[in-house]
2 protein chains.
Amino acid sequence: MTKARVTVIDIAKAAGVSKSTVSLVLQGSSLVNEGTRSKVNAVMRELGYVYNRGAANLRQAGAKSRIIGVVVNDLTNSFFAELAVGVDMVVQSAGFVQFLSNTSESIDRQREVVASMREHGISGLIVSPARATDAADFKPLVAAGIPVVVVVRNLPGAKVSSIVSDNRAGMMSAVKHLAGLGHKRIAFLGGFPDTAVFDDRLAGYRSGMEAAGLDYHQELVVSSAPSRAGGVEAIGKALVLTDRPTAAVCFNDAVAFGVCDGLRARRLEPGSDFAVVGFDDVIEAQAAVPALTTVSVDPQGIGRRGAQMLLKQISAGKAEAETVTTAVRLVVRESCGAGMSVKIKQDSV
Amino acid sequence: MTKARVTVIDIAKAAGVSKSTVSLVLQGSSLVNEGTRSKVNAVMRELGYVYNRGAANLRQAGAKSRIIGVVVNDLTNSFFAELAVGVDMVVQSAGFVQFLSNTSESIDRQREVVASMREHGISGLIVSPARATDAADFKPLVAAGIPVVVVVRNLPGAKVSSIVSDNRAGMMSAVKHLAGLGHKRIAFLGGFPDTAVFDDRLAGYRSGMEAAGLDYHQELVVSSAPSRAGGVEAIGKALVLTDRPTAAVCFNDAVAFGVCDGLRARRLEPGSDFAVVGFDDVIEAQAAVPALTTVSVDPQGIGRRGAQMLLKQISAGKAEAETVTTAVRLVVRESCGAGMSVKIKQDSV
DNA sequence: TTAAATATTTGGAACGTTCCAATTCTGTCA
DNA sequence: TGACAGAATTGGAACGTTCCAAATATTTAA
């Protein structure tokens, strides 16, 4: 059953050449004679040779494992699944393979996973860090010359490359859109205030309000868990305000869905009675009823971009930390009140 | 920048012992003196030692890489993302890491990916094969003593373990449920007829009809792509039948969503005017309007189960091919006409 | 106090590859 | 024909670990 592995030496013997020659063939060297090459290849096929990257990697002693580590904080979220697919695309076509792990927002698990990947000799790492990740956590990696690209959530203070979507501009355009529909009291709902992403989106909200000539009211921003349940909670608080909002931008789509739930529970129809805009454009956003108006961030694109950046750093051998923010765009669907917009505008004219 | 790797020899030297002793410590052998062990550990921490699994694996020459390959045909589909998460859970807690790749239904890519994984010395493989995968494709792997577990789609003829959900029973219960609501003409919509999964589900449909004492009509089964678009197409064909169906079981949830779209396009409300039942219970199913009645298959559970099975085979060293079908359960929500059911039943009493 | 038993440690020799320096072929030119 | 350049090939010596058999240190029993 457990057949002895067929090695480069076996095939050398069978082909009547030396192991060095076989090795040369393996790496496609131009030094080897055409005839020899094809004979060796034939023998390899015949004996069912499989290349042992571990051994090769051992000798080459460098960052040549051709393995890319990918660590995400929540693979169940289709946003991150898409991201992983994007990474896989470019990584695969560059002849690398991807180690993928899920941390479920646990920093401990993240640490384990990263350590394990390191032991396996990854050539680079793409990570969407778990909440509250210490910026210094990836220090040893970069010190060892392993490029790291942080995506989605940035890690202020860490000297690594990162790709984040333009949270500020996205939220700003959402607010401006709502203002353009005639809304004056626009709430910002959901999200944990201690994260960089929250700060960016909130800043976008403020700029948007300002640009639309609307006042910023502290009570209109109500934070909560960035989840569906959090959305329900947030809209609940917002609706008891003496001067009720008529629209809301939400921290993300999950919150937005929760907000819709909460509205319905109070006999308000999202879209016609209250405008809601999400952020992320997850797959469910367009299938939902009403279809969610949201800021689309193209996670697959981020994945591809991050992978490209990482590969570039790997081949350059130099980890020049760069930060890019990717463009986002507002996708207008129904939840912002496409129909209602006309009515409001007529009223105000 | 590129620091010299610190090896077991370095730490041996620094700790004043031999490399063999360090190695013993590394594998937690009970042979080594407690004092020595802690000294060695201290030095390791101090010098920032990182274990080189490649080298270890090379020596151990066996299936001890602690890498599990996971290959899915469509990671964008949240069903498979969930599955991967399930695998990751058990694999990770057993101290393995997961190589994950996506084939996007391409057999070529699947071949590449599997070959690459093999070169990296995976200890085992979990795969949801791309459509039209040749059963013999995994022969070399098992011949080399690498356990393979096929999930979701089975590969008739391949001598590997597999886990599939109980497609037959699931579809049967769906049909029986609809029949119980008073429906007589129940269609089977969507799916490609050349797949094993299709055959199973169709068989379940037939048994269900039979059990309910309903006739099987060839024209009531209309196949199509197993996608949303396919669903639209299928319901279109079904509605022009002279003797229209009043309900449908669908190949999967995507088809079911398409069927709902198609119904609405014809001014029919899914649920009240026409009952539809899906299969898979993807995340969107419960958030949709109307919430989809569907057969829940717990992809994460399949992932966990598959991983356990694989790990068992790995540790046993023996690949006893076993096939398990996991239980499914019908989740009744709105799209089968929860409200309508009462009415129909009253009518028929 | 010594032999036997047990606990601990230790040098090599692998594992399968790549790299280097050196060697053996070719054919060409004088 | 001999010398020489280039093309093609080749035998070790790594790489960082584990394993084995053997050596050494420490106890225990008599």
Side-chain angles (χ1 to χ4, degrees), chain A residues 2-41 43-44 47-67 118-121 123 144, chain B residues 2-41 43-44 47-67 118-123 144-145:
Chain A
T2 318
K3 302 201 170 178
R5 216 183 213 299
V6 18
T7 84
V8 98
I9 297 192
D10 297 321
I11 85 114
K13 216 165 288 177
V17 294
S18 79
K19 60 181 169 36
S20 306
T21 304
V22 177
S23 173
L24 256 13
V25 171
L26 244 20
Q27 24 200 330
S29 163
S30 59
L31 287 179
V32 48
N33 181 291
E34 200 43 60
T36 315
R37 178 198 309 286
S38 56
K39 188 203 299 189
V40 168
N41 277 323
V43 175
M44 288 205 290
L47 297 189
Y49 170 75
V50 341
Y51 185 68
N52 184 334
R53 249 171 230 281
N57 189 43
L58 179 56
R59 185 54 173 86
Q60 293 177 158
K64 302 206 63 189
S65 71
R66 315 231 94 191
I67 300 178
R118 196 162 169 217
E119 292 184 355
H120 281 286
S123 313
Chain B
T2 318
K3 302 200 170 180
R5 220 184 208 301
V6 18
T7 84
V8 98
I9 298 194
D10 296 322
I11 85 114
K13 215 165 289 176
V17 295
S18 79
K19 59 181 168 33
S20 306
T21 304
V22 177
S23 172
L24 255 13
V25 171
L26 244 19
Q27 22 200 330
S29 162
S30 60
L31 286 180
V32 47
N33 181 292
E34 198 43 59
T36 316
R37 177 199 310 287
S38 56
K39 189 202 301 187
V40 168
N41 278 325
V43 175
M44 289 206 287
L47 297 190
Y49 170 74
V50 340
Y51 186 67
N52 185 333
R53 249 171 231 282
N57 188 42
L58 179 56
R59 185 54 174 85
Q60 295 177 158
K64 302 206 65 191
S65 73
R66 317 231 92 191
I67 301 179
R118 199 165 166 213
E119 291 184 355
H120 282 286
I122 53 171
S123 314

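Letters go in sequence order (proteins before strands), and every chain restarts at 1. Basis for what follows: all heavy atoms, side chains included, without hydrogens, waters or symmetry-related copies. Every value quoted in this text rests on a predicted model; they were computed, and no experiment measured them.
- Checked against D/dT18, C/dG16, C/dT18, the side chain of B/Leu26 finds its nearest nucleotide in D/dT18.
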* To do: Decide yes or no on side chain to side chain donor-acceptor pair (under 3.5 Å) for B/Ser38 and B/Glu34, but give the supporting numbers first.
  => CA-CA 6 Å; B/Ser38 56; B/Glu34 198 43 59; 5.3 Å; no
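- Here the P atom of nucleotide C/dG16 and the CG atom of B/Asn52 are 16 Å apart, to the nearest Å.
- One can place CZ of B/Arg37 at 12 Å from C1' of C/dT8, the figure rounded to the nearest angstrom.
- When atom types are taken as modelled, the side chain of B/Arg37 and the backbone of B/Ser29 share a donor-acceptor pair closer than 3.5 angstrom.
- A donor and an acceptor atom never sit less than 3.5 Å apart when one is taken from the side chain of A/Arg59 and the other from the base of C/dT17.
- Toward the 5' end of DNA chain D, the nearer of the two residues A/Lys19 and A/Glu34, judged by each one's closest nucleotide, is A/Glu34.
- The distance from atom CD1 of A/Ile9 to atom P of C/dT17 is 8 Å, rounded to the nearest whole Å.
- The A/Ser18 side chain lies nearest to D/dT10 when the options are D/dT10, C/dT10, C/dT17.
- Within 4.0 Å (heavy atoms only), A/Ser20 reaches at least one base atom of the nucleic acid.
- In this structure, A/Ile67 and B/His120 have side chains that are in contact, with non-hydrogen atoms separated by less than 4.5 Å.
- For the pair A/Gln27 and C/dC19, the criterion of a side-chain N or O lying under 4.0 Å from OP1 or OP2 is met.
- At the phosphate of C/dT10, OP1 or OP2 sits under 4.0 Å from a side-chain N or O atom of B/Thr21.
- Across D/dA8, D/dT10, C/dT17, the shortest atom-to-atom separation from the side chain of A/Thr36 is found for D/dA8.
- Counting to the nearest Å, the P atom of C/dG16 and the CG atom of A/Asp10 are 8 Å from each other.
- Protein atom NZ of B/Lys13 is 13 Å distant from nucleotide atom C1' of D/dG16, rounded to whole Å.
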* Asked: Run the side chain to side chain contact (heavy atoms under 4.5 Å, CB included) check on A/Leu26 and A/Tyr49 step by step: do they pass?
  -> CA-CA 11 Å; A/Leu26 244 20; A/Tyr49 170 75; 3.6 Å; yes
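- With the nearest nucleotide of DNA chain D identified for both B/Tyr51 and A/Leu31, A/Leu31 has the one nearer the 5' end.
- The CG atom of A/Asn33 sits 6 Å away from the P atom of D/dA8 (whole-angstrom rounding).
- Residue order along DNA chain C, read from the 5' end via each residue's closest nucleotide, puts B/Val17 first among B/Val17 and A/Thr7.
- Whole-Å rounding puts the A/Lys39 NZ to D/dA8 C1' distance at 13 Å.
- At a threshold of 4.5 Å between non-hydrogen side-chain atoms, the residues B/Val25 and B/Thr36 do not count as touching.
- Within the nucleic acid shown, A/Ser23 comes within 4.0 Å of at least one base atom, counting heavy atoms only.
- In this structure, B/Leu24 places its CG atom 20 Å from P of D/dG16, rounding to the nearest Å.
- With D/dG16, C/dT9, D/dT9 as the choices, the nucleotide that has an atom nearest any side-chain atom of B/Ala55 turns out to be D/dG16.
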